[in-house]
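Chain A is the first sequence line, chain B the second, and so forth, proteins listed ahead of strands; every chain is numbered from 1.
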Amino acid sequence: RKEVEQDPGPFNVPEGATVAFNCTYSNSASQSFFWYRQDCRKEPKLLMSVYSSGNEDGRFTAQLNRASQYISLLIRDSKLSDSATYLCVVTRTGNQFYFGTGTSLTVIP
Amino acid sequence: EAGVVQSPRYKIIEKKQPVAFWCNPISGHNTLYWYLQNLGQGPELLIRYENEEAVDDSQLPKDRFSAERLKGVDSTLKIQPAELGDSAVYLCASSLGPRREAFFGQGTRLTVV
């Protein structure tokens with residue numbers, strides 16, 4: 001079983017829509033959680049960390065459910081510039097980062 | 001502050017030839033990673049360094065891949081000999097420490113023909 005699993009999509013949504021991505025992880029010992037964004041032919045960049053209490057950054061909300069071992073990312077009022085691949089990342093002890101395969105989002109005018 | 005710097009950005013080589021990639025992490029970041037990313041996939045760890053020590057190289061194909069991080073700063077990743085299946089993007093990343101986010105370089109896109 002993979003450490004991190006994501007629905008690869010693609011998700012095609014109209015501008016202004018709300019879209020949600022989920023990610024599950026297999027190891028209950030996972031300690032830190034992140035969402036990264038990767039534009040086409042670019043490197044992954046940190047979008048936001050995910051905290052146990054949930055956190056929000058503008059139009060983006062991340063949540064963690066340790067009991068069910070999943071992480072979610074909600075994007076409200078989608079913009080064309082949100083089109084990218086969103087990578088779910090979990091870490092365990094000792095700086096081990098595990099990436100999901102990514103979820104592709106295209107926001108349509 | 002400068003980010004993670006990688007070179008070259010692109011490399012095209014014939015199979016069976018050697019190739020090397022270079023990475024300069026963010027200043028002060030003790031942890032350095034080399035990842036491989038194929039199209040449509042997430043990055044997969046090849047090797048992780050804590051300072052100059054390789055602490056996780058279980059996914060590194062040691063028959064042809066090697067890496068070093070002399071003095072715990074810059075790192076090089078080498079493939080010898082390259083195979084067609086090695087065509088991918090090789091990403092270097094660094095982080096401050098345990099459970100801190102990783103910052104990526106722009107990657108080296110390798111094409112083996």
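Each of B:Leu84 and B:Tyr10 belongs to its own hydrophobic cluster when Ile, Leu, Val, Met, Phe, Trp and Tyr are linked at side-chain heavy-atom distances under 4.5 angstrom. There is a path of hydrophobic side-chain contacts, each under 4.5 Å, that joins B:Leu36 to B:Ile13. In the hydrophobic cluster analysis, where Ile, Leu, Val, Met, Phe, Trp and Tyr join through side-chain heavy atoms closer than 4.5 angstrom, B:Leu32 is grouped together with B:Leu77. Tracing side-chain contacts under 4.5 Å through hydrophobic residues (I, L, V, M, F, W, Y), one reaches A:Val19 starting from A:Trp35; they form part of the same cluster. Hydrophobic clustering, with ILVMFWY side chains joined whenever heavy atoms are under 4.5 angstrom apart, keeps B:Val113 apart from B:Leu110.
Proximity to chain A is absent for every atom of B:Glu44, based on heavy atoms less than 4.5 angstrom apart. Neither the backbone nor the side chain of A:Gln6 comes within contact range of chain B; no heavy atoms are under 4.5 Å apart.
Within 6.0 Å of atom CD1 in B:Ile12, 12 or fewer heavy atoms from other residues, nucleotides or ligands are found, so the atom counts as exposed in its surroundings. Heavy atoms from other residues, nucleotides or ligands lying under 6.0 Å from CD of B:Gln17 number more than 12. Residue B:Lys62 places its NZ atom among more than 12 non-hydrogen atoms of other residues, nucleotides or ligands, all under 6.0 Å distant.
Contact residues of residues 41-59 of chain A toward chain B are A:Arg41, A:Glu43, A:Pro44, A:Leu46 (heavy-atom distance under 4.5 Å).
A ring-centre distance under 6.0 Å is not found for B:Tyr35 and A:Phe97. Taking the centre of each ring, B:Phe104 and A:Phe99 come in below the 6.0 Å mark.
The main-chain N or O of B:Ala102 is found under 3.5 Å from a side-chain atom of A:Tyr36 such that the two form a donor-acceptor pair.
For the atom pair CZ (B:Arg100) and OG1 (A:Thr91), the distance works out to 12.0 Å, reported to the nearest 0.5 Å.
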